[in-house]
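Please read the structure below before turning to the comments.
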Amino acid sequence: MSGTSLTVESTTELPAIASVSKVTAGSGQARASGIRRRLGGIPAPVLCVVSMVAVQLGVAASKPLFGVLGVAGATFLRISFAAVVLLAFTRPRLRGRSPRDLAMAGLLGVASAGMTLLFAAAVDRLPMGTAATIEFLGPLAVALVFARRAGHVLWAMLAAGGVVLLTLFGHGESGAHLDPVGLACAFGAAACYAGYILFTDKVGAAFRGFEGLAVSFTVGMVVLAPFGAAEAVHGLAGSSSPALLLLAIAGVALLFPVLPYALEMVALRRMSQRVFSVIVSLDPAVSALVGLLVLGQVLGLPQLFGIFCVVAASVGATLTARR
């Protein structure tokens with residue numbers, strides 16, 4: 001991990017190498033600063049909406065790749081590509097970082113890897129809108145826990161009612177009951193999502209720019225390697241056009257997770273968590289819409305009403321919480 005910084009401390013013995021290193025690192029930081037300035041001119045709510053759409057489009061675009069690379073293999077390649085891009089782009093400096101900051105970045109990487117893998121497995125077995133709604137119970141749970149108001153029990157009950165509608169009365173694409181493995185993966189993704197929210201706030205405050213994301217994605221790549229590396233190699237070896245397959249993975253990785261995670265971190269630095277939470281509460285609805293338009297996944301009335309209940313509970317809990 002410490003090898004990600006190319007800065008050479010000693011310029012006495014290797015002045016030429018040190019000079020090249022500083023220029024390279026400086027150019028990477030200049031590019032990151034330039035992108036942050038460009039994003040600074042875009043309203044924060046717009047960044048949130050673009051992030052949500054990018055996530056769901058990335059998930060929808062990933063689904064055809066699951067049959068070739070497997071869920072774990074495709075997820076591992078996406079996270080690996082994201083880590084390589086961010087490491088090359090930001091060149092994070094780890095020297096001098098406190099153990100706490102590094103631990104937070106590591107925990108964010110574990111949570112991000114678990115959330116991405118489990119959500120991909122859920123989408124492989126469930127309609128996108130259903131999987132995204134169950135996953136969204138993670139941030140909703142965080143909001144309810146920190147609210148600590150008796151009245152929020154009503155919002156929790158509304159969300160629970162929405163989940164009951166989705167899981168007991170909702171049906172998959174074939175008309176059969178929802179896949180229990182897919183449901184388990186969706187609830188696991190929700191738990192990881194809760195951790196992602198808690199750690200993103202700390203990492204965003206401790207690291208400059210997108211350096212924290214680069215470190216966390218690198219940890220996520222290492223965490224996912226035992227689950228997806230062999231599957232990815234097998235899928236690439238069996239493909240008639242591995243270069244084209246890697247290009248497709250690269251494009252999907254830019255949609256999700258590189259672009260949305262970066263946009264969310266920028267947005268959170270410029271807007272209150274209350275406003276951010278209200279906007280991202282629409283994520284399950286965006287997922288259902290993308291699933292319909294891109295994958296042709298038609299949801300029944302119980303599922304649509306279940307999504308509405310969870311979205312309403314999230315918005316209500318956020319607006320009635322103490323600042």
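All values reported here derive from a predicted model rather than from experimental measurement.
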Q: Check step by step if side-chain hydrogen bond (donor to acceptor under 3.5 Å, both in side chains) holds for Glu211 and Thr90.
A: CA-CA 6 Å; Glu211 291 183 1; Thr90 64; over 6 Å; no

Q) Is any side-chain heavy atom of Leu178 less than 4.5 Å from a side-chain heavy atom of Pro127? A) yes

**Q.** Partners passing side chain to side chain contact (heavy atoms under 4.5 Å, CB included) against Ser281 (at least two apart in sequence or in another chain)
**A.** Phe136, Ser314, Val315

Q | Minimum side-chain heavy-atom gap Val294-Lys63 below 4.5 Å | A | no

(Q) Are the side chains of Phe217 and Leu87 in contact, using a 4.5 Å heavy-atom criterion? (A) no

Q.
Is there a side-chain contact between Ser216 and Val203 in this structure, where contact means two heavy atoms from C-beta onward sitting under 4.5 Å apart?
A. no

**Q.** Heavy-atom side-chain contact between Leu69 and Glu231 under 4.5 Å
**A.** no

Q. Just by modelled atom types, is the Asp283 backbone N or O under 3.5 Å from a matching donor or acceptor in the Ser287 side chain?
A. no

(Q) Is the shortest side-chain heavy-atom distance between Leu245 and Leu65 below 4.5 Å? (A) yes

Q. Under 4.5 Å between any side-chain heavy atoms of Val71 and Val123, yes or no?
A. no

Q: For Trp155 and Leu140, run side chain to side chain contact (heavy atoms under 4.5 Å, CB included): C-alpha distance rounded to whole Å, both residues' side-chain angles, the deciding distance at 0.1 Å, then the answer.
A: CA-CA 9 Å; Trp155 299 123; Leu140 177 57; 5.9 Å; no

Q | Any donor-acceptor N/O pair, Arg78 side chain to Ile249 backbone, under 3.5 Å | A | no

Q) Any donor and acceptor pair, going by atom type alone, linking the side chain of Ser239 with main-chain N or O of Gly235 inside 3.5 Å? A) no

Q.
One pair to check against side chain to side chain contact (heavy atoms under 4.5 Å, CB included): Val163 and Phe187. What are the steps and the verdict?
A. CA-CA 11 Å; Val163 173; Phe187 281 107; 3.9 Å; yes

Q: Provide the full list of side-chain hydrogen bond (donor to acceptor under 3.5 Å, both in side chains) pairs with a residue in residues 184-199, sequence neighbours left out, each pair given once.
A: Tyr196-Glu264

Q.
Quick check against the 3.5 Å criterion: does Gln297 have a side-chain atom that pairs as donor or acceptor with the backbone of Met128?
A. yes

Q: Verify, without hydrogens or angle tests, whether Arg97 (side chain) and Ala206 (backbone) share a donor-acceptor contact under 3.5 angstrom.
A: yes

(Q) Can you confirm whether more than 12 heavy atoms, excluding those of Phe227, are under 6.0 Å from its CZ atom? (A) no

Q) Cationic tip of Arg93 within the cone over Phe207's six-membered ring, i.e. under 6.0 Å and within 45° of the normal? A) no

(Q) Are Ile279 and Met52 packed together at the side-chain level, in the sense that at least one heavy-atom pair is separated by less than 4.5 angstrom? (A) yes

